[in-house]
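Encoded as structure tokens, the structure appears first; notes follow it.
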Amino acid sequence: MRLWHQDLIPYLPRQQLLGQHRELAALRGNGWGKKHATVDYVFRYSPYKLFQFHYLVIQEMQRRGYHPDQHWLDPCYRGQHCPKYSFLKAVELTKPIYPEHNDDYLTSCLNNLQAKGIVIDRFKH
């Protein structure tokens, strides 16, 4: 499980974009708070930040003509098998959403994609 650097979202191939949506849905639902080495940092912040990140992915999916479940546009929604939050205080949208998504993290994500045979020209050095 991994969150791609948010600047990569518009450039992710279909498989990675849709996989990101599935992983975010799992994290927002029953996966919230469950330890996983590559995404533990998200649990240090409000779940609202995870919603903000997921929203970026949903917008890109919609831009490409996909139709994700509109329930995910509700910050309190946690999936079909997890009760909604009764209230989730909105937090300011920051850029990046997660401070961990710095230049080193971008490089790490690009290297991960390249190992899968995916080179995103926009980020070639």
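As the structure is a computational prediction, the values presented were derived from the model and not from experiment.
Interatomic distance, CD of Q59 versus CG of L73, reported as 9.0 Å (0.5 Å rounding). Here CG of L17 is found 9.0 Å from CZ of R63. Values are rounded to the nearest 0.5 Å. Atom OG of S46 is separated from atom CD of Q52 by 8.0 Å, given to the nearest 0.5 angstrom. A distance of 10.5 Å separates CG of L27 from NZ of K34, quoted to the nearest 0.5 Å. Once rounded to the nearest 0.5 Å, the distance linking CG of L8 with OH of Y11 reads 9.0 Å.
The heavy-atom pair separating C82 from G29 by the smallest distance is SG-C, 3.8 Å. P75 and Y85 get closest at one heavy-atom pair: O-CD1, 4.2 Å. Taking each heavy atom of I97 and K49 in turn, the nearest pair found is O-NZ, 3.0 Å.
Contact of the N102 side chain with the P96 side chain is not registered, since no non-hydrogen atoms from C-beta on lie closer than 4.5 Å. Looking at heavy atoms from C-beta onward, L113 lies in side-chain contact with Q16 at the 4.5 angstrom threshold. The shortest distance between side-chain heavy atoms of K35 and F43 does not fall below 4.5 Å. Residues P68 and Q62 meet the side-chain proximity criterion, which asks for heavy atoms closer than 4.5 Å. Contact annotation: the side chain of L3 never approaches that of T38 to less than 4.5 Å [non-hydrogen atoms, C-beta and beyond]. Here the side chains of K89 and Y48 are not in contact, with every heavy-atom distance at 4.5 Å or above. No side-chain heavy atom of F53 sits under 4.5 Å from any side-chain heavy atom of I58. Looking at heavy atoms from C-beta onward, Y66 lies out of side-chain contact with H21 at the 4.5 angstrom threshold.
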Worked verdict on Y55 versus E60 for side chain to side chain donor-acceptor pair (under 3.5 Å): CA-CA 9 Å; Y55 185 71; E60 180 60 23; over 6 Å; no
Steps toward side chain to side chain contact (heavy atoms under 4.5 Å, CB included) verdict (I118, L12): CA-CA 9 Å; I118 300 165; L12 290 173; over 6 Å; no
Trace of the salt bridge (charged side-chain N to carboxylate O under 4.0 Å, His left out) decision for D74 with K84: CA-CA 9 Å; D74 175 357; K84 286 177 70 168; 2.7 Å; yes
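K116 places no side-chain N or O within 3.5 Å of a backbone atom of N112 that could act as its donor or acceptor partner. A side-chain donor-acceptor contact under 3.5 Å links H5 to the backbone of H101. In this structure, the side chain of Q20 does not engage the main chain of I9 through any donor-acceptor pair within 3.5 Å.
Aromatic ring centres of Y41 and H36: separated by at least 6.0 Å.
A salt bridge links E100 and R44; the closest N-O separation between the charged side-chain nitrogens and carboxylate oxygens is under 4.0 Å.
Within a 6.0 Å sphere centred on CG of D103, other residues, nucleotides and ligands contribute 12 heavy atoms or fewer. Enclosure of atom NZ in K95 by more than 12 non-hydrogen atoms of other residues, nucleotides or ligands within 6.0 angstrom is indicated.
For the pair R2 and W4, the cation-pi test (distance below 6.0 Å, angle within 45°) is passed. In this structure, R28 is not positioned above the aromatic face of Y77 in the sense of NZ or CZ being under 6.0 Å from the six-membered ring centre and within 45° of the axis.
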